Protein chains: 2
Amino acid sequence: MKTIGKLAKELDLGVETIRFYEREGLIKQPQKPQNGYRVYDDSITKQLQFICKAKALGFTLKEVASLMSMDGDCAKVESLGLQKLSLIQSKIADLQRLEVVIKEMTNSCRNNNDQSHCPIIDSLK
Amino acid sequence: MKTIGKLAKELDLGVETIRFYEREGLIKQPQKPQNGYRVYDDSITKQLQFICKAKALGFTLKEVASLMSMDGDCAKVESLGLQKLSLIQSKIADLQRLEVVIKEMTNSCRNNNDQSHCPIIDSLK
DNA sequence: ATTGACTCCGTACCTATCTACGGAGTTTAC
DNA sequence: GTAAACTCCGTAGATAGGTACGGAGTCAAT
């Protein structure tokens, strides 16, 4: 049993972040004894780690909430995962196209001898 | 010479967006005749197109402002381009790592026979 | 001359994910 | 026993890049 501050330190989260997740419905408010302080048991740690990991995979907090509420329905979870996968793949493709364009631009800059004129600026005009 | 509405339509931007760019210092307020309406000449069109293109390449509005003020200093422009390039490359790398993880997860979901248990959820726990 | 479309300005609102603040009550350490 | 550290709550602020609104003035067409 620990208060919110210890929990936050343990997970390297801010106290405010935990309260925020509670407000957003990702975790529920634990029972509070007479003094009004939140008191958590160990199960909250797993829940918050789940949230952090899913967030790191690119799920939004709303999606994390969905994932948690789907609890075990593998087909639904897979579908959300596939959806996220295709989003990631199209982001990668977008960025790779950008990469090519910017590479070309900086290359042309490097080969440029005319100091009064920048090919990047020109190409954007 | 055109008013803000025509300009916005021509470039497929919102009127508010143009005013916003003005407030942010990306373009300057044109001279206004007695009636107080902004009146633009053709040079603004190029400036706004420059902004749109640079934005599409992933430059933030602040960076676009920088680019415009560097006007022609090729070394500076190249350096900003290279910086953006490396940002893009690291984003790509991040997303590719994510892609692998999520692929693995959805695959294990697909091969899962135990309806009461989802390997994605499990792996996040 | 009237109606509808356009413009002005400042400000509030939007998404997402927190982060900070203020003032009051509580617990802990010395 | 008192001072520091912790907690409570609700609300405001931050970020980026706009979008929307309200009331008032102006312009174009009929």
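Since this is a predicted model, take the numbers as computed values, not measurements. Residue numbers start from 1 in every chain, and the chains themselves are labelled A, B, ... in the order their sequence lines are given, proteins ahead of strands.
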Against the side chain of B:Lys55, the closest entry in C:dT17, D:dG17, C:dT7 is D:dG17
In B:Lys91, B:Arg97, B:Gln96, the residue satisfying side chain to side chain donor-acceptor pair (under 3.5 Å) with B:Asp94 is B:Arg97
A:Asn35 has its side chain closest, among C:dC9, C:dT27, C:dT7, to C:dT27
Query raised in the report: Is the number of heavy atoms from other residues, nucleotides or ligands under 6.0 Å of B:Asn111 CG greater than 12?
Result: yes
Separation of C:dC18 atom C1' from A:Lys62 atom NZ, nearest Å, is 15 Å
Side-chain contact check for B:Tyr37: nearest option of C:dG25, D:dC27, D:dC9 is D:dC27
Taking atom NZ as the centre, does A:Lys2 end up with more than 12 heavy-atom neighbours from other residues, nucleotides or ligands that are less than 6.0 angstrom away? yes
To the nearest angstrom, the OH-P distance between A:Tyr21 and C:dT19 comes to 8 Å
Taken to the nearest whole Å, CZ/B:Arg19 to P/C:dT11 is 12 Å
A:Leu13 CG to C:dT19 C1', in whole Å, measures 13 Å
Worksheet entry | B:Thr3 vs C:dT7: side-chain N/O to OP1/OP2 distance below 4.0 Å | yes
Taking C:dC18, D:dC21, C:dT17 as options, the one with an atom nearest any side-chain atom of B:Glu16 is D:dC21
Nearest-nucleotide check on DNA chain C, B:Lys6 vs A:Thr60; residue mapping nearer the 5' end is B:Lys6
A:Gln29 CD to D:dC8 P, in whole Å, measures 8 Å
Should the heavy atoms of other residues, nucleotides or ligands under 6.0 Å from NZ of A:Lys32 be counted, would the total exceed 12?
-> yes
**Prompt:** Under 3.5 Å, is there an N or O donor on one side and an acceptor on the other linking the side chain of A:Arg23 and the base of D:dG10?
**Reply:** no
Under 4.0 Å: is that the gap between some side-chain N or O of A:Thr17 and OP1 or OP2 of C:dT19? yes
Would you classify B:Gly14 as touching base, sugar-phosphate or nothing, given that sugar-phosphate means primed atoms plus P, OP1 and OP2, and contacts are heavy atoms under 4.0 Å? nothing
B:Glu24 atom CD is separated from D:dG17 atom P, nearest whole Å, by 9 Å
Residue pair A:Arg38/B:Phe59 against DNA chain D: nearer the 5' end by closest nucleotide is A:Arg38
Separation of C:dT7 atom C1' from B:Tyr40 atom OH, nearest Å, is 11 Å
Whole-Å distance, B:Gln31 CD to C:dT7 C1', equals 18 Å
* Asked: For C:dC9, does OP1 or OP2 lie under 4.0 Å from any side-chain N or O of B:Lys32?
  -> yes
Residues B:Thr106 and B:Lys103: closest non-hydrogen pair is OG1-O, 3.1 Å
